[in-house]
Amino acid sequence: MVTGALGHIGSHLIRNLDRSVVRDVVMLDNLESQRFPSLYNLPKGFIFKFVKEDILTADFSKHLKGVDALIHLAAITDAEKSKQIPELVEAVNYEGLKRVAGACLKAKVCLFFPSTTSVYGSQSSVVDETCKELKPQSPYAETKLNSEKYLQGLKKKGLKLVICRFGTIFGHSVGMRYDTAVNKFTWQASTGQPITVWKTAWNQKRPYLYLGDAVKAINFILKKDLFDGQIYNVVTKNFTVENVVKTIQKFVPKLVMDYVDSAIMNQLSYEVDDSKFRRLGFKPTGNLKQGIAEKITSLAMIINKD
Ligand SMILES: NC(=O)c1ccc[n+]([C@@H]2O[C@H](COP(=O)([O-])OP(=O)(O)OC[C@H]3O[C@@H](n4cnc5c(N)ncnc54)[C@H](O)[C@@H]3O)[C@@H](O)[C@H]2O)c1
């Protein structure tokens with residue numbers, strides 16, 4: 001089962017699941033994001049079932065019959081906007097996770113939980129999973145950290161799970177969203193708008209994850225049955241905003257910059273070490289140019305060339 005299957009990651013995952021491991025796919029989404037096109041033209045060779053349900057109300061005892069693993073992608077994901085709707089974010093991301101995880105424990109279903117490298121917050125040095133001083137900077141990141149802690153408790157009760165702290169996703173999918181840095185900048189540049197960069201962010205390093213690498217990581221976990229209760233950072237590379245903007249500039253040379261304030265821009269630079277996951281044999285293969293090129297190619301017809 002994939003919850004939140006129609007979203008940015010889910011819509012790419014359901015098209016790229018490893019056929020040697022997966023045959024039946026139950027896709028659960030409440031269509032909050034209205035991403036109907038994510039269900040169009042799914043690949044042949046799988047048995048797909050779509051369930052329009054909310055994780056806060058769905059009867060998982062019914063839906064989890066015959067399910068071996070649940071990839072829990074459903075969440076309210078816009079970190080910046082989460083400051084305006086903290087109660088909703090708490091309900092869906094934390095209470096929702098509790099419902100899903102409780103159902104998995106009861107039905108003996110393995111759980112994949114995508115956390116975020118944003119749980120690290122501002123850090124002066126390179127951080128890995130052993131970092132004790134986590135400083136989430138938004139209600140979104142706080143719910144992810146609280147969910148991680150809650151899951152540690154269920155692990156002791158016998159839930160088979162794995163937690164991946166994903167870097168910020170970049171790369172094209174049919175259900176993609178545009179509130180995260182690389183996607184937003186690419187959209188702005190492609191549509192002739194100024195790129196809105198947070199005033200303090202130009203040289204700050206942050207961890208990013210190519211969408212293809214995120215899906216590859218989920219397939220890797222399913223194939224290896226890696227529900228070992230561990231937390232893994234999953235990152236393609238740490239980039240600065242300058243790296244991102246200069247790469248976009250290769251495709252849209254005339255882009256304009258606009259420096260803006262942000263409620264969460266006090267978040268300082270941080271770099272994330274993902275060697276724990278790589279040591280298991282996982283090799284990310286994405287790169288910034290490729291991820292940006294995919295999006296620019298999809299938008300090529302509307303890019304202003306004047
Ligand atoms: N995209 C990133 O940069 C990133 C980075 C780290 C972690 N993650 C995590 O990965 C997961 C997927 O991210 P994404 O970028 O695909 O998000 P997304 O916002 O694109 O997709 C989330 C999906 O969940 C659905 N949804 C929301 N509330 C729901 C509810 N109550 N019941 C059922 N469905 C609901 C939405 O309709 C949407 O299709 C999230 O948990 C997110 O926190 C994402």
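Numbers here are sequence positions counted from 1. Because only heavy atoms are used, hydrogens play no part in the values below, and waters and symmetry mates are left out as well, while side chains stay in. Numbering of ligands and ligand atoms starts at 1, following listing order.
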Taking the side chain from D274 and the backbone from F277, do they hold a donor-acceptor pair closer than 3.5 Å? no

Would you kindly check if the NZ (Lys) or CZ (Arg) of K98 is within the cone defined by 45 degrees around the ring axis of Y150 and under 6.0 Å from the six-membered ring centre? yes

Examine ligand 1 and decide if any of its atoms is less than 4.0 Å from a heavy atom belonging to T168. yes

If you measure from each non-hydrogen atom of R35 to ligand 1, which part falls under 4.0 Å: side chain, backbone, both or neither? side chain

Per-residue contact class, H8 against ligand 1 - non-hydrogen pairs under 4.0 Å: both

With respect to atom 19 (O) of ligand 1, which of T77, D54, I9, V51 exhibits the smallest heavy-atom separation? T77

Six-ring centre of Y270, K205 cation under 6.0 angstrom, axis tolerance 45°: no

Could you tell me if any non-hydrogen atom of S115 lies under 4.0 Å from any atom of ligand 1? yes

Nearest option to atom 30 (C) of ligand 1, as decided by whichever heavy atom of T57, L211, N30 sits closest: N30

For residues I14 and F48, report the shortest heavy-atom separation together with the two atoms involved. O-CZ, 3.4 Å

Regarding ligand 1, does V92 bring an N or O atom to under 3.5 Å of one of the ligand's N or O atoms? no

For G175, is there any backbone N or O sitting under 3.5 Å from a side-chain donor or acceptor partner on R35? yes

Output a table of donor-acceptor pairs, distance under 3.5 Å, between side-chain atoms of residues 60-73 and any protein atom two or more places apart or on a different chain; print 'none' if there are none.
residue	atom	partner	partner atom	Å
S61	OG	D59	OD1	2.5
H63	NE2	E53	OE2	2.9
H72	ND1	T3	OG1	2.7

What's the shortest distance from atom 21 (O) of ligand 1 to any protein heavy atom, and which residue and atom give it? G7 CA, 3.3 Å

With a 4.0 Å cut-off on heavy atoms, is E53 in contact with ligand 1? yes

Which bit of K144 gets closer than 4.0 Å to ligand 1, counting heavy atoms only: side chain, backbone, both or neither? side chain

Is the NZ atom of K276 crowded by more than 12 outside heavy atoms at less than 6.0 Å? yes

Please say whether the positively charged group of R278, taken as NZ for Lys or CZ for Arg, lies over the ring of Y232, i.e. under 6.0 angstrom from the six-membered ring centre and within 45 degrees of the axis. no

Note: heavy atom closest to atom 9 (C) of ligand 1, options F166, F113, Y140, belongs to Y140

Close side-chain approach of R15 to L42, heavy-atom, < 4.5 Å: yes

Is the shortest N/O to N/O distance between I76 and ligand 1 below 3.5 Å? no

R177-ligand 1 polar pair, N/O distance under 3.5 Å: yes

Non-hydrogen atoms of S190 and I296 that approach each other most closely: OG-CD1, 3.8 Å

Taking atom 37 (O) of ligand 1 as the point of reference, which of V182, L6, D29 owns the nearest heavy atom? D29

Does G167 have a heavy atom less than 4.0 Å from any atom of ligand 1? yes

Considering only protein heavy atoms, which is closest to atom 11 (C) of ligand 1, and at what distance to one decimal place? L73 O, 3.3 Å

Nearest-contact summary for atom 27 (C) of ligand 1 - protein heavy atom, Å: A75 O, 3.5 Å

Crowding at NZ, K237 (>12 non-hydrogen neighbours, <6.0 Å): no

For atom 3 (O) of ligand 1, what is the nearest protein heavy atom, given as residue, atom name and distance? I169 N, 2.8 Å

Does I55, backbone or side chain, put an N or O under 3.5 Å from an N or O of ligand 1? yes

